[in-house]
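Only a predicted model underlies this, so the values are computations on that prediction, with no experimental measurement involved. Counting convention: from 1, in listed order, for ligands and their atoms alike.
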Amino acid sequence: MKYESTRGNSPAVFSSEAIKMGIAPDGGLFVPLEKVIFTDGQLQSLTSLSYTQRAVSILKSFLTDFTLEELTRCVEAAYGGDKFDAPGVAPVKSLTPDTAVLELWHGPTCAFKDMALQILPQFLVRAMQKTGEISEIVILVATSGDTGKAALDGFADVPGTSIIVFFPEQGVSEVQRLQMVTQKGKNVHVIGVRGNFDDAQSGVKQVFGDKDLSLVLAEKGYRLSSANSINWGRLVPQIVYYFSAYADLVKAGTIQAGEKINFVVPTGNFGNILAGFYAKAMGLPVNRLICAANANNVLTDFIQTGHYDRNRKFFKTLSPSMDILISSNLERLLYELTGRQADKINRWMTELKTRGAYTVDQDTREKVRAHFWSDFADDRETLDTIKETWEQHRYLLDTHTAVAVRVLGKYRQATGDTTYSVVASTASPFKFNGSVAKALLGDEGIAGKSEFELLNDLSAFTGWPIPKGLRNLDKRPVLHKGVTDKDKIDEAVRNILLRP
Ligand SMILES: *Cc1c(COP(=O)(O)O)cnc(C)c1O
């Protein structure tokens, strides 16, 4: 099966090319040319499989230029062994009789990004072999926090690759920052940006669009690629856990085979929830995809009105991985929902770029609303939800997941829908321990304490263990100290790659 660009101006390519390129040459995103349908029988057969087997059976329908053996190896390298500290990789935990939590944070960096970024480097190395690539692949990443560490962990010392990560210096938690700047590996670079995530992302996009630079790099044997969630190789492994969660619930007898359920997803760049949309399109019985936003509620407004407008105040919230005003993966959804009208996508994306806003047509707006529902939760609601959920259910939520739980409550209140719902839990509560501890212990309980003392306090208070990836973080040496201005990201890339 081949992949085409949402902008309609690049030739269709196989998945190995699409994964190697990341973004299409015309600036669009790659989407599969054919519809993949998973039958009820196939769905039923997943119940008896392990997570890695489930992954192979989904991935093989999309990555048809990979052999079964290659896919099995990719999946084993990513999710096998003891890389994930939970049996089943992405376990489903019951919260109430009509709600479960899908824990996507059992990977090495304690955030859901590991689900995709442990396997992307595996895909990429094989994609390079398949396409006869001899250049070194340079992964450029702009991160709001979690992607950076997960990409660094996935790519560290992977042969034929190197990775450069840009993060907003003031926009990530202390734990996130230390996770990145202490990263080991001969091929890794980490640089702080004086600006917010959108500044970092715009800077990186500009580097990708710089034709002169790419020629100079090509001469030196480098080729740029992306590990941001616009890469199809990152999106496709995320489809797996929607199926896996469903299979687990059927297996446990919590839901009937064929019964529709809702998924609630704390959303930023729209990658996670878009994978849910693809799962639904493949035939997974999904009623609604509930898009949970924080105070940066550009997606809530879009889903409610069909008008996307990034011209608004940017808030730094307690759920920083969702502090995003340009949700790149929305482009793929619009392409699919308009029946693949590249001219419309070009028009809207140009308007987004020049004016910061666009409005979709009535038909597209109705289709969006048929699949999605959205609301947002502010920081106060986030903290209250963490506290309430702990007190009522003895379950510890991180700030992002708390946003989703709150929005699920709003959804049920607004619609009266009683459909069984699964909340995607995107980070370990220990990853955002400062806020989680504040929610449970109050301002007095955390006064004067470092994030690292709070890790211990939180563990002692709840009896939950500190995940391996976060232990002793403050005692590891800082290996990356570089900082750059937001308009000098290209210069930083040149300095790293072209310095004699
Ligand atoms: C990345 C991230 C999100 C947002 O996911 P998208 O795929 O960008 O929508 C939510 N929560 C956490 C903890 C994340 O790391």
For this session: Just jot down the ligand 1 atoms closer than 4.0 angstrom to any heavy atom of D146, in number order.
Result: 12 (C), 13 (C), 14 (C), 15 (O)
For this session: Identify the two heavy atoms, one from S319 and one from V403, that lie closest to each other, and give their separation to 0.1 Å.
Result: OG-CG2, 3.9 Å
For this session: Quick one: do R312 and D301 satisfy side chain to side chain contact (heavy atoms under 4.5 Å, CB included)? Show the steps, please.
Result: CA-CA 12 Å; R312 60 179 69 209; D301 287 350; 3.0 Å; yes
Seminar exercise, completed: Correct closest heavy-atom pair for P168 and G195 would be CB-O, 3.2 Å
Exercise. Who's the nearest protein heavy-atom neighbour of atom 12 (C) of ligand 1, and how far?
Worked result: T426 OG1, 3.4 Å
Exercise. Which atoms of ligand 1 sit under 4.0 Å from any heavy atom of F270?
Worked result: 6 (P), 8 (O), 9 (O)
Problem set entry | Proximity to ligand 1 by part of N272, non-hydrogen separation under 4.0 Å | both
For this session: List the closest protein heavy-atom neighbour of atom 6 (P) of ligand 1: residue, atom name, distance to the nearest 0.1 Å.
Result: N269 N, 3.5 Å
Exercise. Any N/O of G271 closer than 3.5 Å to an N/O of ligand 1?
Worked result: yes
For this session: Kindly give the heavy-atom pair with the smallest separation between Q183 and H480, and that separation in Å.
Result: O-NE2, 3.0 Å
For this session: Answer yes or no for P266: is there a heavy-atom contact with ligand 1 below 4.0 Å?
Result: yes
Problem set entry | Aromatic contact, Y395 with W464 (centres under 6.0 Å) | yes
Exercise. Against heavy atoms of T267, which atoms of ligand 1 measure under 4.0 Å?
Worked result: 9 (O)
Exercise. Which atoms of ligand 1 have any heavy atom of A427 under 4.0 Å away?
Worked result: 13 (C)
Problem set entry | Within the 6.0 Å centroid threshold, strictly below: F62 and W232 | yes
Exercise. Which residue owns the protein heavy atom closest to atom 5 (O) of ligand 1, what's the atom, and how far is it?
Worked result: F112 CE2, 3.5 Å
Seminar exercise, completed: re atom 9 (O) of ligand 1, the protein heavy-atom contact at minimum distance is G268 N, 2.8 Å
Problem set entry | Heavy-atom nearest option to atom 14 (C) of ligand 1, drawn from H400, K113, Q176 | K113
Problem set entry | Row check, F376 ring normal vs K410 NZ/CZ: under 6.0 Å, within 45° | yes
Problem set entry | CD-NZ distance between Q238 and K113, expressed to the nearest 0.5 angstrom | 8.0 Å
